[in-house]
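Have a look at the structure below, then the notes.
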Protein chains: 2
Amino acid sequence: MARAHVHTSQPEWAEHALERLQDAGYRRGGARSAVVELLGRQDCALSAQDIEEHLRREDRRVARASVYRALEQLADLRLVTKLEVGQGTARYEPLLPDGDHHHHMVCDACGTVVPFEDPELEKSIEALSRRVSFDVAEHDVVLHGACKDCRE
Amino acid sequence: MARAHVHTSQPEWAEHALERLQDAGYRRGGARSAVVELLGRQDCALSAQDIEEHLRREDRRVARASVYRALEQLADLRLVTKLEVGQGTARYEPLLPDGDHHHHMVCDACGTVVPFEDPELEKSIEALSRRVSFDVAEHDVVLHGACKDCRE
DNA sequence: ATGACTGCAAAGCCTTTGCACGCAA
DNA sequence: TTGCGTGCAAAGGCTTTGCAGTCAT
């Protein structure tokens, strides 16, 4: 059965990511580290604005541009996934090294994003990925509809 | 086997859409009709800019704002699907009444979008949709990676 | 000391909105 | 004639870029 809520936060991811960044030649700057550590504490995708606000609340102000720069670097290293679920705003979440991941349901009424996972779906996609003429690196499944609170 | 290319254009869709628009109380304006007719001739998703350019080339200039307005109305009536595959640009394609549809592979290097379809994947998603706590109205699957031309 | 990192502000895109004119009904 | 539809231009929102000061190494 697909569970609505999935993995808990993975502080190990943050360490892993910081190491990979260092290996890639990046220095340990304060802004980037703050973004990485925040992402490591999240269960689901955050927008750049979410990240900026969370960090501001914990007195670790980071300029919006730095948030975007960090996210871009992390995405280049395949440490985060960028996902676009509509509303014109990108969201980012840690990409776990073991390939364990989830997908998202988006309420088109209130914008809520809820993660879910489904092994059978993963199997279908993996099988499919081997058959197509693309080198498939990632995949996203987005279910659009109405959440429990928004349907009448 | 998942085919790379899918349905051919469906002029019937354009008629259908124009009727549904009329039923919904919309008048038969020139700009909206042009957008609908163009979409009916497409095999895959177009961006608003694509649409504007195609129409300009065939001497049927439509203001960008009118394109967006038409697309929004069509999406509200569930006649088109809006899909976001990254690059910050939304794409739109006809939503076929019989539920037949495809998904997309996106080349993150060159931006090419290629449609594919896979019945097994559809089955997984349908089964899943019945199990979750959402009223699922639509779903999108996006495979990210490198197309044949872009992989080294 | 050197070059990367950051913050700030400005610029870039895509998309939406306001408004006056034109057209369908 | 009414008020919806359209075009144009301006405004909005998210994201990227330029630049100068700051910090890691």
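Below, chains carry the letters A, B, ... as their sequence lines are ordered, and counting in each starts from 1.
Against DNA chain D, the stretch residues 51-63 of chain A makes no heavy-atom approach under 4.0 Å.
Contact of the Leu79(B) side chain with the Pro94(B) side chain is not registered, since no non-hydrogen atoms from C-beta on lie closer than 4.5 Å. Side-chain contact between Leu77(A) and Leu21(A) is present, with at least one heavy-atom pair separated by less than 4.5 Å.
Rounded to an integer number of Å, the gap from CZ of Arg32(A) to C1' of dA4(C) is 8 Å. When rounded to the nearest whole Å, the span between CG of Leu71(A) and C1' of dT16(D) equals 13 Å. In this structure, CD of Glu84(A) is placed 14 Å from C1' of dT15(C), rounded to the nearest angstrom. In this entry the distance linking OH of Tyr68(A) with C1' of dG13(D) reads 9 Å, nearest Å. As a whole-Å value, the separation of Lys82(B) NZ from dC14(C) P is 14 Å. dG5(D) atom P lies 12 Å from atom CG of Leu74(B), rounded to whole Å. Between the CG atom of Asp23(A) and the P atom of dT25(D) there is a distance of 13 Å, given to the nearest Å. Atom CD of Gln49(A) is separated from atom C1' of dG13(D) by 9 Å (rounded to the nearest Å).
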Considering only nitrogen or oxygen atoms on both sides, find all protein atoms under 3.5 Å from nucleotides 19-25 of chain C and state each distance.
unit_1  : atom_1 : unit_2   : atom_2 : d
dA24(C) : N3     : Arg27(B) : NH1    : 3.0

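Residue pairs that meet the ring-ring contact (aromatic ring centres under 6.0 Å, His included) test with at least one member in residues 54-96 of chain A, sequence neighbours left out, do not exist here. Applying the salt bridge (Lys or Arg N to Asp or Glu O under 4.0 Å) test to residues at least two apart or on different chains, the pairs with a partner in residues 68-94 of chain A are Arg78(A)-Glu138(A).
Note on Ala65(B): a base of the nucleic acid sits closer than 4.0 angstrom, heavy atoms only. Counting non-hydrogen atoms under 4.0 angstrom, Glu72(A) reaches nothing in the nucleic acid.
Residues satisfying the side-chain hydrogen bond (donor to acceptor under 3.5 Å, both in side chains) criterion with Arg20(A), sequence neighbours excluded, are absent altogether. Every residue meeting the side-chain hydrogen bond (donor to acceptor under 3.5 Å, both in side chains) condition with Glu122(A), not counting sequence neighbours, appears here in chain and number order: His101(A), His103(A), His139(A). Not a single salt bridge (Lys or Arg N to Asp or Glu O under 4.0 Å) links Arg27(B) to another residue, sequence neighbours left out. In this structure, the salt bridge (Lys or Arg N to Asp or Glu O under 4.0 Å) partners of Glu58(B), at least two apart in sequence or on a different chain, are Arg41(B). Here Gln22(A) pairs with Arg28(A) under the side-chain hydrogen bond (donor to acceptor under 3.5 Å, both in side chains) rule; sequence neighbours left out. For His104(A), the ring pair (Phe, Tyr, Trp, His ring centres under 6.0 Å) test picks out His102(A), with sequence neighbours left out. Taking Asp108(A) as the reference, His144(A) meet the side-chain hydrogen bond (donor to acceptor under 3.5 Å, both in side chains) condition, with sequence neighbours excluded.
Summarising the geometry of Val80(B) relative to Ala75(B), their closest heavy-atom pair is CG2-N, 3.6 Å, with the distance given to 0.1 Å.
Each end of the helix from dA1(C)-dT25(D) to dA25(C)-dT1(D) gets its own axis from five base pairs, and the two axes differ in direction by 30°, given to 10 degrees.
Of the candidate nucleotides dC14(D), dT16(C), dG7(C), dG7(C) has the atom nearest to the side chain of Ser66(A).
Residue Arg64(A) places no side-chain N or O under 4.0 Å from the OP1 or OP2 atom of dG7(C).
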